[in-house]
Amino acid sequence: MADNTPASYQDLGYDRIFVSLDGSEEQAKVLDRAITIAACDNAELYVGHVIDSTALEAAGTYPVDLIPALEKEFRDSIAGQVAKAEAEPQIKKVEVVVRAGRIRETLKDDMLDVIKPDLVVCGARGLSSIKYAILGSISTFLTRNTECDTLIVK
């Protein structure tokens, strides 16, 4: 018997999916959602993370080996999920992109403008109202500053 599931339920039309991870506890859930969508859409999956250099810049100088150590820690934290995504035959490509810099500028200029995704997936990290007033929200920034769909995972 033929499968009666409409193709539109399985393929949302996304070819390049970018998932922005922040190192928080909820990033595993966010990455799992992005992997599922990429597999359903036969899409490329780009996993992005920005090592926030703002505090390091304020200090003036920082140890040269700090950034590589932070990058390794991040990559290690997602290694199992990346391996799962790479083993998924429906996902065309998996690439992890890690940069150091100011989060908003680095996300926009060095990742999104280069990769040109048609879907951005991110988490809704619950900042306190004081931190939100000072720092703003990356998810809000992404929804306002991308030309593609944005999925905020709670």
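The side-chain contact (heavy atoms from CB on, under 4.5 Å) check on E105 picks up R102, D109, with sequence neighbours excluded. Residues that satisfy the side-chain contact (heavy atoms from CB on, under 4.5 Å) test with T106, not counting sequence neighbours, are V50, R99, D110.
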S20 and L107: side-chain contact (heavy atoms from CB on, under 4.5 Å), yes or no, with the steps? CA-CA 8 Å; S20 177; L107 269 173; 3.7 Å; yes
Please lay out, stage by stage, how V47 and V97 fare under the test side-chain contact (heavy atoms from CB on, under 4.5 Å). CA-CA 6 Å; V47 181; V97 182; over 6 Å; no
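Distance alone, capped at 3.5 Å, places no donor-acceptor pair between the E73 side chain and the A69 backbone. Between the side chain of Q81 and the backbone N or O of A28, at least one donor-acceptor pair lies under 3.5 Å. A donor-acceptor pair under 3.5 Å is absent between the side-chain atoms of K154 and the main chain of G123, judged by distance alone.
Taking CD of E26 as the start and CZ of R33 as the end, the distance is 11.0 Å to the nearest 0.5 Å. Distance check: D22 CG to S139 OG gives 9.5 Å after rounding to the nearest 0.5 Å. Atom OG of S77 and atom NZ of K72 lie 10.5 Å apart (nearest 0.5 Å). Expressed to the nearest 0.5 Å, how far CG of L70 lies from CZ of R75 amounts to 13.0 Å. In this structure, T36 OG1 and L31 CG are separated by 9.5 Å, a value rounded to the nearest 0.5 Å. Atoms CD and CD1, from E44 and I17 in turn, are 10.0 Å apart once rounded to the nearest 0.5 Å.
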Please tabulate, for the side chains in residues 112-121, all donor-acceptor contacts under 3.5 angstrom to protein atoms that are two or more places apart in sequence or on a different chain.
unit_1 : atom_1 : unit_2 : atom_2 : d
D113   : OD1    : K108   : NZ     : 2.8
K116   : NZ     : D113   : O      : 3.0
D118   : OD1    : D15    : N      : 3.1
D118   : OD1    : R16    : N      : 3.1
D118   : OD2    : D15    : N      : 3.0

Name every donor-acceptor pair, under 3.5 Å, that has one atom in a side chain of residues 83-94 and the other anywhere in the protein, sequence neighbours excluded.
unit_1 : atom_1 : unit_2 : atom_2 : d
K92    : NZ     : N42    : O      : 3.4
K93    : NZ     : Y46    : OH     : 3.4
K93    : NZ     : E95    : OE1    : 3.3

Name each donor-acceptor pair under 3.5 Å that joins a side chain in residues 145-153 to protein atoms two or more places apart or in another chain, with its distance.
unit_1 : atom_1 : unit_2 : atom_2 : d
N145   : ND2    : F141   : O      : 2.8
T146   : OG1    : L142   : O      : 2.7
T146   : OG1    : T150   : OG1    : 3.3
D149   : OD2    : Y14    : OH     : 2.5

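Pairs passing the ring-ring contact (aromatic ring centres under 6.0 Å, His included) check and including a residue from residues 65-113, sequence neighbours excluded, read H49-F74.
Nearest heavy atoms, C122 versus V30: C-CG1, 3.8 Å.
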